[in-house]
Amino acid sequence: MKKLLGLSALVLVVFPAAAMAQANPSNTGNVAVNGRVAPVCILGGPNPALVDLGVMIAITGTRAGRIAVLPAQSVSLPASFCNFAGSQVTVTANALLAANAGAPPAGFARAVNYTATAAGWAAGNAATTTAATANGSSASSTGSGPSHPLPKLADIGVTLSSFSVPGDNLLVTGNYSGTVTVTLGPAAVAN
């Protein structure tokens, strides 16, 4: 009987230990993880990166020496995006000017004006038309499109069109160059 009583005591001692082993000895803690995303706009690389108009004047006929009819030129800025609401496209165009900076003689011009239009971002386009004078002054022009209300990813298309010369004058010889700057960013705030 003593053996049976001793075995019972042992069994009672073992069961509470087994019950304790099944209890969850672990504990849980939480670690906060924070981050942020800065507002950013990225324009896709222009394709093509250079628009070459070639010879811009008519060589023969009644318009010889004056600007020829130049077809519209297209440039794509693929996969452009802004990750925030309230962005817009702005276009700044600089007329094509002859490399020689001297004043042209009467009846001649050293400037070619054009319209630059950026489309594909908001409900309306951003457009501007240069208005350089025959001597090349006032060559820069800027236009902005409407604000886009949401983050957006899109291809922006830029079209150069309506090439003209002040007074339809003859163009002086030389290399001509201009630039179009497309800016994608927060919409301008009216003062």
Side-chain angles (χ1 to χ4, degrees), residues 41-80 82 87-148 154-188 190-191:
C41 291
I42 301 291
L43 280 170
N47 183 22
L50 171 68
V51 174
D52 186 354
L53 297 173
V55 176
M56 297 187 295
I57 61 169
I59 303 298
T60 61
T62 59
R63 294 204 43 86
R66 299 186 192 286
I67 193 156
V69 176
L70 301 173
Q73 304 291 313
S74 296
V75 176
S76 176
L77 302 167
S80 298
C82 283
S87 59
Q88 78 180 145
V89 172
T90 300
V91 178
T92 299
N94 292 295
L96 290 109
L97 300 178
N100 58 354
F108 286 86
R110 60 178 296 271
V112 175
N113 291 307
Y114 59 94
T115 298
T117 305
W121 189 253
N125 298 334
T128 191
T129 301
T130 61
T133 62
N135 69 6
S137 63
S138 303
S140 184
S141 175
T142 299
S144 295
S147 175
H148 189 273
D155 294 344
I156 297 174
V158 178
T159 303
L160 310 178
S161 62
S162 303
F163 296 93
S164 65
V165 173
D168 196 31
N169 287 341
L170 298 164
L171 283 169
V172 295
T173 191
N175 293 320
Y176 284 68
S177 63
T179 58
V180 175
T181 303
V182 179
T183 303
L184 179 59
N191 292 329

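Side chain of Asn113 to main chain of Val165: no donor-acceptor pair is present (N/O by atom type, distance under 3.5 Å, no hydrogens or angles). The backbone N or O of Ser137 sits less than 3.5 Å from a side-chain atom of Asn135, completing a donor-acceptor pair. Judged by distance alone, the side chain of Gln88 and the main-chain N or O of Ala188 form a donor-acceptor pair under 3.5 Å.
Contact record, Ala154 with Gly120: CB-O, 3.7 Å, taken as the closest heavy-atom pair. The shortest non-hydrogen separation linking Gly65 to Ile57 is O-CG2, 3.7 Å. Counting all heavy atoms, side chain and backbone alike, Gly136 lies closest to Leu97 at CA-CD2, 3.6 Å. Shown here for Ala132 and Pro166, the closest heavy-atom pair between the two residues is O-CG, 3.1 Å. Of all non-hydrogen atoms in Ser144 and Thr90, the two that sit nearest each other are OG-OG1, 2.9 Å.
The closest side-chain heavy-atom distance from Leu96 to Leu53 is below 4.5 Å. For the pair Leu70/Tyr114, no side-chain contact is recorded, criterion being any heavy-atom separation below 4.5 Å from C-beta on. At least one side-chain heavy atom of Pro48 sits less than 4.5 Å from a side-chain heavy atom of Val75.
Pairs engaging residues 45-60 under the side chain to side chain donor-acceptor pair (under 3.5 Å) rule: none recorded [sequence neighbours left out]. Counting only residues at least two apart or in different chains, side chain to side chain donor-acceptor pair (under 3.5 Å) contacts with residues 169-180 comprise Asn94-Thr179. Applying the salt bridge (Lys or Arg N to Asp or Glu O under 4.0 Å) test to residues at least two apart or on different chains, none of the pairs has a partner in residues 100-118. Every pair tested for disulfide bond (SG atoms under 2.5 Å apart) that includes a residue from residues 96-127 fails, sequence neighbours excluded, so the list is empty.
If you run side-chain contact (heavy atoms from CB on, under 4.5 Å) between Pro104 and each of Leu171, Val172, Leu170, only Val172 comes through.
Listed by chain and residue number, Ser141 satisfy the side chain to side chain donor-acceptor pair (under 3.5 Å) test with Thr128 (two or more places apart in sequence, or in another chain). Take Ser147 and apply the side-chain contact (heavy atoms from CB on, under 4.5 Å) test, not counting sequence neighbours, and it matches Ala187. For Ser164, there are no side chain to side chain donor-acceptor pair (under 3.5 Å) partners, not counting sequence neighbours. Partners of Ala126 by side-chain contact (heavy atoms from CB on, under 4.5 Å), not counting sequence neighbours, listed by chain and number: Val89, Val91, Ala118. With sequence neighbours excluded, no residue forms a side chain to side chain donor-acceptor pair (under 3.5 Å) with Ser161. Contacts of Arg63 classified as salt bridge (charged side-chain N to carboxylate O under 4.0 Å, His left out), with partners at least two apart in sequence or in another chain: Asp168. With sequence neighbours left out, Thr129 forms a side-chain contact (heavy atoms from CB on, under 4.5 Å) with Thr115. Legend: residues meeting side chain to side chain donor-acceptor pair (under 3.5 Å) with Thr183, ordered by chain and number and at least two apart, are absent.
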Legend entry - Residues Trp121, Ser80; criterion side-chain hydrogen bond (donor to acceptor under 3.5 Å, both in side chains); working and verdict: CA-CA 9 Å; Trp121 189 253; Ser80 298; over 6 Å; no
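Atom-to-atom distance recorded for Leu77:CG and Leu43:CG is 5.5 Å, nearest 0.5 angstrom.
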